[in-house]
Amino acid sequence: MLDLINKQIRRVPTWTVYILGILPAAWVIFTGLQAVDPVRGIEWGLGLWAVRLLIATLFISPLRWIGLNLLKFRRQLGLVAFAYVVLHFTAWLTIDMGLRWSQILPDLYKRWYIIIGMSALLLLIPLAVTSNNASIRKLGAKTWNRLHKLAYLATGLAMVHFLMIGKVYTVEVLTYAAILVLLLGVRIYRNGAQSLLPV
Ligand code: HEM
């Protein structure tokens, strides 16, 4: 059965991920504009999809362990996740803060959840920049793999950022946190804790 699914998946072009990746953003903007608070609706929606897509990218390896091979889409999925992080950040800068730099700059070092979110974003930049074959050749597969393990730290920080925002922990945020803990736990159980570290 999985063989059949893998065979069908091999036929799907990787650019499909980019096309599908546009849909949540379109939905977030469409529903956000009709919300009572469109700024929050759009900013939160993009952040939420960033979390979902970051976690989905980390799911590709464990799925392969059980025989489902989606590896050919991992790069595209990771890049789409990064695009959502950038869009979420851009929404904060523009529609939320109105590019008021006198307010933005203090927020960047005074508010802990912003500092943590910003750290996650900064960690993802080298991963996005090196998500191409030329970088794998230049860095060598070993170094490249080590660098890309930063995805675990970045997603962990993104989760902490998400947890810090709510005054109460909703079922939603706890569900994402539980999925991430489970995902990392399975990886540590199978490959050891060093498999999460860029060593
Ligand atoms: C990997 C990076 C990031 C991810 C995955 C992420 C994700 C999220 C999520 C899921 C939410 C809450 C949405 C909800 O409650 O439904 C959120 C809220 C928010 N994020 Fe991020 N975020 C990231 C980085 C950033 C950065 C870099 C900034 C700004 C510098 C930022 C600013 C905010 C703000 C202002 C809120 C709303 C807080 C509030 O309404 O009280 N985030 N983010």
Side-chain angles (χ1 to χ4, degrees), residues 17 20-60 74-131 147-184 196 198:
V17 179
L20 292 176
I22 297 170
L23 300 180
W27 179 250
V28 163
I29 293 168
F30 176 72
T31 52
L33 287 175
Q34 294 168 53
V36 185
D37 185 347
V39 171
R40 283 276 177 276
I42 293 172
E43 186 180 60
W44 287 11
L46 293 170
L48 195 55
W49 274 98
V51 169
R52 287 175 180 156
L53 291 163
L54 285 171
I55 294 179
T57 311
L58 299 187
F59 254 103
I60 303 265
R74 185 162 62 183
R75 178 185 297 175
Q76 288 74 15
L77 198 56
L79 285 171
V80 172
F82 177 68
Y84 274 82
V85 174
V86 173
L87 285 173
H88 170 64
F89 174 58
T90 311
W92 175 70
L93 278 182
T94 55
I95 55 174
D96 192 351
M97 304 301 278
L99 292 176
R100 287 183 299 269
W101 296 102
S102 56
Q103 240 175 296
I104 291 169
L105 296 175
D107 259 13
L108 283 175
Y109 62 85
K110 275 193 188 149
R111 284 180 197 251
W112 270 104
Y113 75 88
I114 298 274
I115 296 171
I116 307 260
M118 207 58 215
S119 312
L121 167 60
L122 292 176
L123 279 178
L124 289 169
I125 293 173
L127 307 194
V129 170
T130 57
S131 281
L147 176 70
H148 279 252
K149 281 187 188 167
L150 286 176
Y152 296 106
L153 181 59
T155 309
L157 288 171
M159 199 62 238
V160 173
H161 165 79
F162 192 5
L163 282 162
M164 284 173 88
I165 285 159
K167 289 188 181 62
V168 285
Y169 293 133
T170 58
V171 175
E172 187 182 37
V173 68
L174 290 176
T175 305
Y176 287 109
I179 292 171
L180 186 61
V181 168
L182 198 76
L183 193 74
L184 299 183
L196 297 176

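Counting convention: from 1, in listed order, for ligands and their atoms alike. Hydrogens, waters and symmetry mates play no part in the numbers below; they use all other heavy atoms, side chains included. Residues: numbered from 1 along the sequence shown.
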side-chain contact (heavy atoms from CB on, under 4.5 Å) with Leu53: which of Leu48, Leu77, Leu79?
-> Leu77

Among protein heavy atoms, which sits nearest to atom 2 (C) of ligand 1, and what does the distance come to when rounded to 0.1 Å?
-> Val85 CG1, 3.4 Å

Contact (N/O only, under 3.5 Å) between Glu172 and ligand 1 = no

Considering only heavy atoms of Met118, which atoms of ligand 1 have at least one such atom less than 4.0 Å away?
-> 27 (C), 30 (C)

Look only at the side chain of Tyr84 and the backbone of Ala25, and say whether a donor-acceptor pair between them is shorter than 3.5 Å.
-> yes

Shortest non-hydrogen contact from Ser131 toward His148 = OG-CE1, 3.7 Å

For Arg100, look at atom CZ and say whether over 12 heavy atoms of other residues, nucleotides or ligands are found less than 6.0 Å away.
-> yes

At a cut-off of 2.8 Å, list the protein N/O/S atoms near atom 21 (Fe) of ligand 1, residue plus atom name.
-> His88 NE2, His161 NE2

Taking all atoms of both residues into account, what is the closest heavy-atom pair of Tyr109 and Leu105, and its distance?
-> CD2-O, 3.3 Å

Starting from atom 37 (C) of ligand 1, locate the nearest protein heavy atom and write down its residue, its atom name and how far away it is, to 0.1 Å.
-> Trp44 NE1, 3.3 Å

Answer with yes or no whether the side chains of Ser119 and His161 bring together a donor and an acceptor at under 3.5 Å.
-> no

Contacting atoms of ligand 1, where contact means under 4.0 angstrom from a heavy atom of Ala120 | 1 (C), 2 (C)

Leu180 to Gly156 - nearest heavy-atom pair and separation | CD2-CA, 4.1 Å

Does the side chain of Val28 reach to within under 4.5 Å of the side chain of Trp49, using non-hydrogen atoms?
-> yes

Nearest heavy-atom approach of Ala151 to Leu127 is N-CD1, 3.5 Å

Should you measure from each heavy atom of Leu48, which atoms of ligand 1 turn up under 4.0 Å away?
-> 10 (C)

